[in-house]
Each structure stands twice: as C-alpha cells, then as structure tokens.
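Here the structure is a predicted model, which is why all the values come from computation and not from measurement. Letters A, B, ... are given to chains in the order of the sequence lines, protein chains preceding strands, and every chain is numbered from 1.
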Amino acid sequence: MLLSKYLAPTLRDTPADAEVISHQLLLRAGYIRRVSSGIYDLLPLGLKVLRNIETIVREELDQTGAQELLMPMVQPAELWQESQRWQKYGKELLRFKDRHNHEACLGPTHEEVVCDLVRRDLRSYRQLPLTVYQIQSKFRDEVRPRFGLMRGREFTMKDAYSFHADEDCLSNEYQNMFDAYTRIFSRLGLSFRAVEADTGSIGGDKSHEFHVLAQSGEDLIMHCSGCDYAANQEKAVSKKEISSTSNSQLPQDVSTPASKAVGDVAALLDYAESQIIKSMAYHVQGGEYDGQCVLACVRGDDQIQEIKLMRALGADEIQLADEAQVQSMGSVSGYIGPVGINAPVWMDQQLSTAQGMICGANQADTHRQHINVERDITEANFADLRNVQEGESCVHCGGEIESSRGIEVGHIFTLGDVYSQAMQVGFLNKQGRRAITTMGCYGIGISRLVAAVVEQCHDDDGICWPKQIAPFHVSLITLGQSETVRTASKEVYDQLQEAGISVLWDERKERPGVKFCDAELMGFPVQIIVGDRGLKEGHVEFKARRDEEKTSVTLSNIITHTQQHLAL
RNA sequence: CGGAGUAUAGCGCAGCCUGGUAGCGCAUCUGCUUUGGGAGCAGAGGGUCAGAGGUUCGAAUCCUCUUACUCCGACCA
C-alpha cells in the first residue's frame, strides 16, 4: 500500500476535545474520526487493528468449542418485554418505532435474542452444553460517552452465551472462558488483571471483570499484594482492625451546633472518626423498599459503597434523599442518625458490635453519644456497605490491599436461569422432565481494546503497536526522490510483500522529518529506511519502533532480518 | 439527568470586555530554493464567525432562545 494514496490523514496538533492519550493518538495518527458524540469512523488503519484483534479473539473462542453466529442489531420490543428489561433497562436502550408502528430497539446486548433463538430448537439435554458467540456492533445510549473508542455509544463487542443442563457444567464453561480470556489478553500483549465484580444490570451471581491496567482507567480495582485476590471496588472486601471500646453508659444527647460533617463532630467532641456512625438517607426505587427512604450507616472513617447498598436493598436505583424526604423520616439533614428514625436502617457489618459510638440525634445541632449498636439500635439490618481502602488487610491471606486503575475490557458472568426462566429456554432432562437451562454470558469490548492497547503501548512520539495487531508490519520510508532510492524501495516493497510482510510505503514527496514523525506516530513495529546515503554502501536502515537506534542492513539481507525481528 | 464550560478556515487559537475592513500559526495549492528528524522565500485559495430571533445606522462582539460538543458526578464492554 502506498501512503500517498492511503486514507490515513495525520494531524500535527492534538484535537482539543481529546482528553486521554489513546484518543489523541488514534485521532492524530489517522486511525479514527469522530462522527458524533460517542460515534466514530474507523479509518483503514483503525479497521485493520480492530480486525486483527477480532482474529485473535476468534481463534481463542473457536478453540473453546464456541460457535460463531451473528444476531441482529435491531430487536423487537416483545423480546425485551418478555424478559422485563423493556421496563428495567432505562434510557441506555435506544428505542424507536418502525413504519408499522412496532416498537423496537438497537441491541445493547443479546440475551433476549439468543434465548429466543435457542429455545426454538432446544429439545433435549443431549443438545447441551451449547456456546455461541458473535462479534458485532452494539449500541448503548450512554449518558456520557467519552475518551474516544474507550466509551463510545456504538462499539464493537464480542459477546458469547452458553447454555447448560446443570450448574457444574456452567462452572466448567465459566472456567473455560476465564482461561480463554487470559490467553486472549496475553496474546494481545497487555498487562491485565482479572477481578471479582458486581453483576450489574445483566443479573446473575458469579462474575469476573478483566481489566487492562492503565492510569486513565475509569475503574478502581483493589488487589492483594500477597495473593491472587482482586476485585472491583464495587465488590471488594477486606478485614479492618478496629480497636474496640466498651461502654456501659446510656445514650445521651449532646449539643453540636453547626457541626454536620464527621470531621467537625469528631474534633468538637474529641472522638475518633471511627467512633462516629455516619448516616446517609437514600430514596429507593425497585425491590422491597420501592418508593421509600432508607438510612445507611458506616463508620465515620469509611465511605458508603452505593453499589453494595443497592444490592443489599435489592433496589434498582438509589438516590441521596432530598431535604423534604429527610424531614419525612423525622430527621434533619446534617444530624441524621439511626436511633429513632422513621425508616428502615441498614448498617455496615463492621458496626454490628460497636460500642460507645456517636451519631446524629435527628434534631438540629444535636448528636447522641454512648451508643451501643446491639443495645440501642435493635431494628438494624447488617450488610457489607463500605468501600475497601488501600492498606487494609486481605480477607484471604492478610496481605495488604492495594489499588490500581483499570480499563474494563472483558466481563464474564454466570447468569443462572435469570433469562432462561423469563424466556422459557427449556429442555427435557435425563429423567424426562422439563427443565430450564442455566446460562453464562461473556463479553469483550473489541473496539475498547483498540484504545486500551494504545493506552499501554505508546511513547512520546506515538503509538507502538504489538506486532500481533499492528495494522502493517513495516513502514517503508523512502528518503529523497532519486531514481536510485525509488528503484531500491520498490524492490524492498515487492520482496516484503512476497514474504508475507505487510508494508505501508511512504513514497510521498515529503521531507525526511515529516516521514519519520508520521511513522513513529502510526507506530508500526518496524521501519525500513531507504536513502541515498545508505544505498551507496548497498544497505538500508532498519529500526524497530521501540528502539532509539537504527541499524544498517544490506539490501540482500533486509527481508530475512525483518522476518526474524517479527518472528513470522 | 444534575453541575461547569466551549462553539471563529481542515487542525490549534486570537479578536468579544470597550459594536465599525474576519485575523495568526500549522495544513492546502503554485513557483523557486532546500532535502537524514515536523524547511525557507514569494504568491494564492479557503469563513453564512454553530443556528434562529432581538437591540442598533451598523453585531463575531451586546441580549434571548435553540442546537452541538467537551469536562466533573451517578451507569457500562
């Protein structure tokens, strides 16, 4: 391919609206262009990378015995109504009507469609297990698309779905997928980590996320320095040592004018922050407490983890209560406490045996001290509601918990029968009885991976693609316009292609500096430079993208030298 | 959806406060020179100043509304 004819427009300046490095470099190096918020053109270079990633994903999934198929992007509302998700999914589901006034949506995920497909033909346990997958465009009308390919509204995803006769079989496949994912991300040359995760709106119970470690990651993951334990912050647990105080005094109000924040109260009354019960009122939607307010409590030096709270409550959505809602609970904002409040109380389990605590007294400028949770808050429910913090101890090995930022590029779930029950994906089991399949689902954000790789593989000059997914193996750079260099370049160009090495030939009438800079920016693993200077001695120059130095190689050796470097 | 901001040539920006000829750098085109890490000189093209309304003799500039985009929060591959 000749660069002069190739649609790979590079930019000298960084576009102002690109925040993260992958977005900037992909725009500057001519891989992507923005069409609309969260919606991108993949230019030829970008598409090549995407396809190369797909190939690796495909190879590894085919290895597991999963079968590739392709489901539609446009999906009828009926299927989503059947699974109840037409109501539950919210605004991320882009809905519209066709010319017959039938409601439909753009698929953000394909559980409904795949269940509908499988249930039509599934008769017997003998047909199970079955795993299918597809690589396809998804559309999620994200509230806030950002960071280019990292969080688009339209994006390419590999999604796989497995169907099983029993839980053991599902566990098996889950592990298969876990292993396949590990191979995939390793082959992509990524530094990544699998972490325990919350299952979110997809539902089900067991779940791991695969995170590419990067400063720009949107997720916080907690992991142990001493063992394999790693979890998304939404899910992470830890041991926290708290020096227990015993208290025999009875609860007593204490005046705390203008002291709402935990720190103020602690300072005023000379308490440790961990002696304070931090109380937050939430308005709940969905589940047992639908439409009500509940009170959530953690120690003053902890943070409430709202995802954990939502799961404990079985809620679909929670929001901090507003002033009026706080009043309806019989309290005053800033002085909320679990004693005598007119609302269900949920406390972090660390508080279950706490003594000598202080909390809001539900009246202005007043707190209540000498609280023993067991004695004084008898109606409370307990659950893990707190955010794990760095430096706490691992529940498995006692090691220290550390945190990293990560880009979620894969997520695997055991779904159980959440969808198969709703969609009635049934079969006859060994006993001849009708049973419902148990399911797993497994996603990889392919287009997000393009960005994630760039986040991990770049330097000040541009992208440094791993050779497995680089759009071309070689940038062939011709310096000058002389007949000699052209002829020599053409020869190298032809021979590379014959050897199965893909090459983008920069034969433009540009100055050397421009060509070098563009080559670094685009980031192919190898640069071969043909100039009059070297040709006089019968050689060209070879430069690996990651190396500073160029080496001289004779014209006759350049192909094998390149082959060896790429290990093709 | 809440909060904050931006919108002027392909990209990066100035001009706006204090209303009066639409500008700079890079990119593009032509010519000459140059040619091993984003060249120099000379010339040229390119704009409904996001859109609509208003104020005014006169609006990129002041006012109102609309739209798009970005950033910060809650959701996700």
Side-chain angles (χ1 to χ4, degrees), chain A residues 9-20 23-24 27-28 30 33-39 53 57 89-93 108-110 135-160 181 197-202 209-212 218-219 232 234 282 306-307 310 316-320 322 406-413 441-452 461-462 477-482 485 509-521 527 529-535 540-541 543 548 550:
Chain A
T10 56
L11 306 173
R12 190 172 290 202
D13 297 314
T14 302
D17 53 6
E19 191 74 6
V20 297
H23 190 192
Q24 294 174 355
L27 282 168
R28 282 191 57 210
R33 286 292 183 266
R34 192 180 66 78
V35 175
S36 169
S37 177
I39 299 178
I53 294 174
V57 170
Y89 210 95
K91 289 188 177 168
E92 271 182 32
L93 186 63
T109 176
H110 280 68
I135 294 176
Q136 195 229 22
S137 282
K138 296 281 185 277
F139 193 92
R140 294 183 189 170
D141 203 354
E142 292 277 349
V143 188
R144 190 147 101 78
R146 58 180 148 178
F147 300 157
L149 294 187
M150 203 95 95
R151 175 179 300 280
R153 292 194 292 167
E154 183 173 331
F155 59 97
T156 304
M157 178 170 163
K158 185 285 300 176
D159 47 329
Y181 275 38
D198 186 74
T199 49
S201 65
I202 300 273
E209 291 169 352
F210 287 79
H211 283 265
V212 168
E218 295 181 90
D219 294 282
N232 193 309
E234 297 161 359
Y282 285 92
E306 296 189 352
I307 301 285
M310 258 170 68
D316 294 332
E317 213 179 311
I318 56 172
Q319 264 185 327
L320 273 179
D322 58 29
I407 302 166
E408 184 189 353
V409 291
H411 202 161
I412 58 179
F413 303 83
C441 81
Y442 319 92
I444 290 180
I446 307 271
S447 46
R448 180 178 283 180
L449 270 171
V450 176
D461 297 324
I477 301 170
T478 302
L479 300 183
Q481 300 294 315
S482 73
V485 288
K509 196 177 170 183
E510 289 285 355
R511 297 173 60 83
V514 173
K515 297 190 173 194
F516 290 136
C517 285
D518 277 347
E520 304 285 12
L521 193 56
Q527 293 161 20
I529 300 140
V530 181
D532 284 313
R533 194 199 280 176
L535 283 181
V540 297
E541 277 148 290
K543 178 178 176 298
E548 289 288 316
K550 298 168 185 139

- Task: Figure out the CD1/P separation between Ile307(A) and rA74(B), and round it to whole Å.
- Result: 9 Å
- Message: So is the aromatic ring of Phe155(A) stacked onto the base of rA77(B), judging by whether the centres are under 5.5 Å apart and the planes are under 30° apart?
- Response: yes
- Message: Work out how far the C1' atom of rU18(B) is from that of rU33(B), and round it to whole angstrom.
- Response: 47 Å
- Note on the structure: Closest non-hydrogen contact found for Val530(A) with Val485(A) is CG1-O, 3.9 Å
- Task: Ignoring hydrogens and angles, answer whether the base of rG36(B) and the side-chain atoms of Asp532(A) contain a donor-acceptor pair closer than 3.5 Å.
- Result: no
- Item | Nucleotide opposite rU35(B) in a Watson-Crick or G-U pair, distances under 3.5 Å | none
- Between rC76(B) (P) and Glu142(A) (CD): distance, integer Å: 9 Å
- Item | Between rG73(B) (C1') and Glu306(A) (CD): distance, integer Å | 11 Å
- Test Tyr282(A) against every option in Glu306(A), Gln319(A), Met310(A) by the side-chain contact (heavy atoms from CB on, under 4.5 Å) rule and name the one that passes. Glu306(A)
- Task: Considering only atom P, compute the distance from rC63(B) to rA68(B) and round it to an integer number of Å.
- Result: 23 Å
- Message: I need the CD-P distance between Gln24(A) and rC11(B), as an integer number of Å.
- Response: 16 Å
- Assert: residue with more 5' nearest nucleotide on RNA chain B, out of Pro145(A) and Thr156(A), is Pro145(A)
- Query: So what does Val143(A) hit on the nucleic acid, given a heavy-atom distance under 4.0 Å: a base, only sugar-phosphate, or nothing?
  - Reply: base
- Span that lies between the C1' atom of rG40(B) and that of rG58(B), in whole angstrom: 43 Å
- Could you tell me the separation between the CZ atom of Arg12(A) and the P atom of rC24(B), rounded to a whole number of Å? 19 Å
- Query: Between Gln24(A) and Ala18(A), is there a donor-acceptor pair closer than 3.5 Å when you use the side chain of the first and the backbone of the second?
  - Reply: yes
- If only side-chain N and O atoms of Arg511(A) are considered, is one of them under 4.0 Å from the OP1 or OP2 phosphate oxygen of rA39(B)? yes
- Residue matched to rG2(B) through Watson-Crick or wobble contacts both under 3.5 angstrom: rC72(B)
- Query: When we call it a touch if two heavy atoms are under 4.0 Å apart, what does Glu92(A) touch: a base, just sugar-phosphate, or nothing?
  - Reply: base
- Item | 5'-most by nearest nucleotide on RNA chain B - Ser447(A) or Asp461(A) | Asp461(A)
- Contact class for Gly534(A) (heavy atom, under 4.0 Å): base, sugar-phosphate, or nothing? base
- Message: When both hydrogen-bonding distances must be under 3.5 Å and the geometry is Watson-Crick or G-U wobble, what is rA42(B) paired with, if anything?
- Response: rU30(B)
- Item | Whole-angstrom distance between rA22(B) and rC16(B), as gauged at atom C1' | 13 Å
- Item | Polar side-chain contact Arg146(A)-rU70(B) base: donor and acceptor under 3.5 Å | no
- salt bridge (Lys or Arg N to Asp or Glu O under 4.0 Å) against Glu92(A), all qualifying residues, sequence neighbours excluded: none
- Message: Whether Thr109(A) contacts rA77(B) is assessed here as follows: a side-chain N or O lying under 4.0 Å from the phosphate OP1 or OP2. Is that the case?
- Response: no
- Heavy atoms under 4.0 Å, any strand shown: does Gly152(A) hit a base, just sugar-phosphate, or nothing? base
- Task: Would you mind reading off the distance between Glu510(A) atom CD and rG36(B) atom P, rounded to a whole angstrom?
- Result: 14 Å
- Query: Does His23(A) have any ring-ring contact (aromatic ring centres under 6.0 Å, His included) partners at least two apart in sequence or in another chain, and if so, which?
  - Reply: Tyr40(A)
- Message: Using a distance-only criterion (donor-acceptor N/O pair, under 3.5 Å, no hydrogens), is the base of rG38(B) paired with the side chain of Arg28(A)?
- Response: yes
- Message: Roughly how many Å apart are rA59(B) and rG19(B), using the P atom of each and rounding to a whole number?
- Response: 13 Å
- Can you tell me the Watson-Crick or wobble partner of rC65(B), both distances under 3.5 angstrom? rG51(B)
- Item | Separation between the P atoms of rG54(B) and rA60(B), rounded to whole Å | 15 Å
- Item | rA42(B) versus rG47(B) - spacing of their C1' atoms, nearest Å | 25 Å
- Message: Quick check: closest heavy atoms across Pro9(A) and Arg33(A), and the distance to 0.1 Å?
- Response: O-NH2, 2.8 Å
- Item | Distance, C1' atom - from rU6(B) to rU28(B), rounded to whole angstrom | 27 Å
- No-H, no-angle donor-acceptor pair, Asp219(A) side chain to rC76(B) base, under 3.5 Å: yes
- Item | Gap between atoms CZ and P, on Arg144(A) and rU70(B) respectively (whole Å) | 9 Å
- Message: Any donor-acceptor pair, under 3.5 Å, between the side chain of Glu520(A) and the base of rG37(B), if you only look at N and O atoms?
- Response: yes
- Using atom types as modelled and distance alone, determine if a side-chain donor or acceptor of Lys91(A) lies under 3.5 Å from a backbone N or O of Asp141(A). no
- Under a 4.0 Å N-O cut-off, is there an ion pair linking Arg151(A) with Glu142(A)? yes
- Measure from CE on Met150(A) to P on rC75(B) and round the result to the nearest Å. 18 Å
- Return the nucleotide paired to rA14(B): Watson-Crick means purine N1 to pyrimidine N3 with N6-O4 or O6-N4, wobble means G-U with N1-O2 and O6-N3, both under 3.5 Å. none
